[in-house]
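First comes the structure, then the notes that go with it.
Atom set for the values below is all heavy atoms of this structure, side chains included, hydrogens, waters and symmetry mates excluded.
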Amino acid sequence: MEGKTIFVTVGTTRFDALVRAVVEEDTLAILREKGYNKITFQIGQGEFVPPNGELQGITLTHFRLKPSIAQDFAKADLVISHAGAGSCLEALGAGKPLVAVVNDALMDNHQSELAEQLADIGFCFFCYPYTLQEKVASMDITQLRPYVPGQPSHLAQYLASVIKVTS
């Protein structure tokens with residue numbers, strides 16, 4: 001059986017809890033059962049470095065940063081990303097199923113609101129690092145609505161309602 005690929009991105013910062021949650025033995029077992037056999041991590045400035053090589057029957061590779069990760073999105077069958085707006089929109093714009101993982105260690109961020117809104121309208125799944133196993137076990141990517149790039153009205157309306165614009 002041909003396996004599927006996952007791209008995990010934390011953006012340009014650090015989100016070790018997400019990377020650790022993905023490489024947990026039980027998480028990898030669930031992903032393998034769902035047919036995934038390769039995971040590429042973009043780990044940003046993180047201190048935790050996932051192993052390169054095979055773990056639980058899944059090939060793991062990683063890199064910190066590079067000029068563009070568009071090709072990584074394009075190759076992925078599933079994206080597991082921090083819930084930053086740029087990464088979420090890039091994954092959705094590439095037409096990829098998305099699990100947006102909220103970094104609740106950040107202060108005064110809108111990641112949870114964005115991830116919840118995108119999930120509420122059916123564009124992605126959202127969770128926290130400590131609920132990632134449960135989310136990937138229960139997710140059915142066929143239930144996601146396709147995101148149509150170039151029609152960002154839903155997101156723009158949401159952002160306008162959350163972010164106060166000052167003159």
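The CD1 atom of I80 sits 7.5 Å away from atom CG of L18, with the distance rounded to the nearest 0.5 Å. The line from CG of L92 to OG of S87 is 10.5 Å long, rounded to the nearest 0.5 Å. For the atom pair I69 CD1 and T9 OG1, the distance stands at 4.0 Å (nearest 0.5 Å). Here the straight-line distance linking atom CG of D77 with atom OH of Y36 works out to 6.5 Å at 0.5 Å rounding. Here the straight-line distance linking atom CG of L78 with atom NZ of K34 works out to 9.5 Å at 0.5 Å rounding. Between the NZ atom in K38 and the CD1 atom in I6 there is a gap of 12.0 Å [rounded to 0.5 Å].
Applying the salt bridge (charged side-chain N to carboxylate O under 4.0 Å, His left out) test to every pair with at least one member in residues 6-19, sequence neighbours left out, gives these pairs: R14-E47.
The backbone N or O of A83 sits nowhere less than 3.5 Å from a side-chain atom of N103 that would complete a donor-acceptor pair. No donor-acceptor pair under 3.5 Å is formed between the side chain of E54 and the backbone N or O of T59.
Closest approach of R64 and G46 over heavy atoms only: NH1-O, 2.8 Å. Nearest heavy atom pair, residue C124 against residue A100, reads SG-CB, 4.2 Å. Closest heavy-atom contact between L60 and P51: CB-O, 3.3 Å. For K135 against F126, the heavy-atom pair with the smallest separation is CE-O, 3.3 Å.
Annotation: side chain of I141 is in contact with side chain of F125 (closest heavy-atom distance under 4.5 Å). Contact annotation: the side chain of L98 approaches that of C88 to within less than 4.5 Å [non-hydrogen atoms, C-beta and beyond]. Within the 4.5 Å cutoff, side-chain heavy atoms of V99 are placed close to those of M139.
The number of heavy atoms from other shown groups lying within 6.0 Å of CD (Q71) does not exceed 12. No more than 12 heavy atoms of other residues, nucleotides or ligands sit less than 6.0 Å from atom NZ of K75. Within a 6.0 Å radius of CD in E134, other residues, nucleotides and ligands contribute 12 heavy atoms or fewer.
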- Message: Would V136 and V22 count as a side-chain contact (heavy atoms from CB on, under 4.5 Å) here? Give the steps.
- Response: CA-CA 10 Å; V136 297; V22 174; over 6 Å; no
- Message: Please evaluate residues F48 and I43 with respect to the criterion side-chain contact (heavy atoms from CB on, under 4.5 Å), reporting the C-alpha separation (whole Å), side-chain torsions for both, the decisive distance (0.1 Å), and the verdict.
- Response: CA-CA 8 Å; F48 177 74; I43 63 171; over 6 Å; no
- Message: Applying side-chain contact (heavy atoms from CB on, under 4.5 Å) to F41 and V23, what does each step give before you reach the verdict?
- Response: CA-CA 10 Å; F41 293 86; V23 299; 3.5 Å; yes
- Item | Test side-chain contact (heavy atoms from CB on, under 4.5 Å) applied to V101 and H82, step by step | CA-CA 5 Å; V101 183; H82 73 119; 5.9 Å; no
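One side chain, T27 or Q133, offers a donor N or O that lies under 3.5 Å from an acceptor on the other.
A perpendicular orientation is assigned to the rings of F7 and F73, their planes being inclined by more than 60° (bins at 30° and 60°).
With hydrophobic clusters built from ILVMFWY side chains whose heavy atoms lie under 4.5 angstrom apart, L65 does not share a cluster with V19. Residue Y130 is grouped with residue V102 when hydrophobic side chains (ILVMFWY) are merged at heavy-atom distances under 4.5 angstrom, including chains of intermediate members.
Annotation: side chain to side chain donor-acceptor pair (under 3.5 Å) contacts of S68 (sequence neighbours excluded): none.
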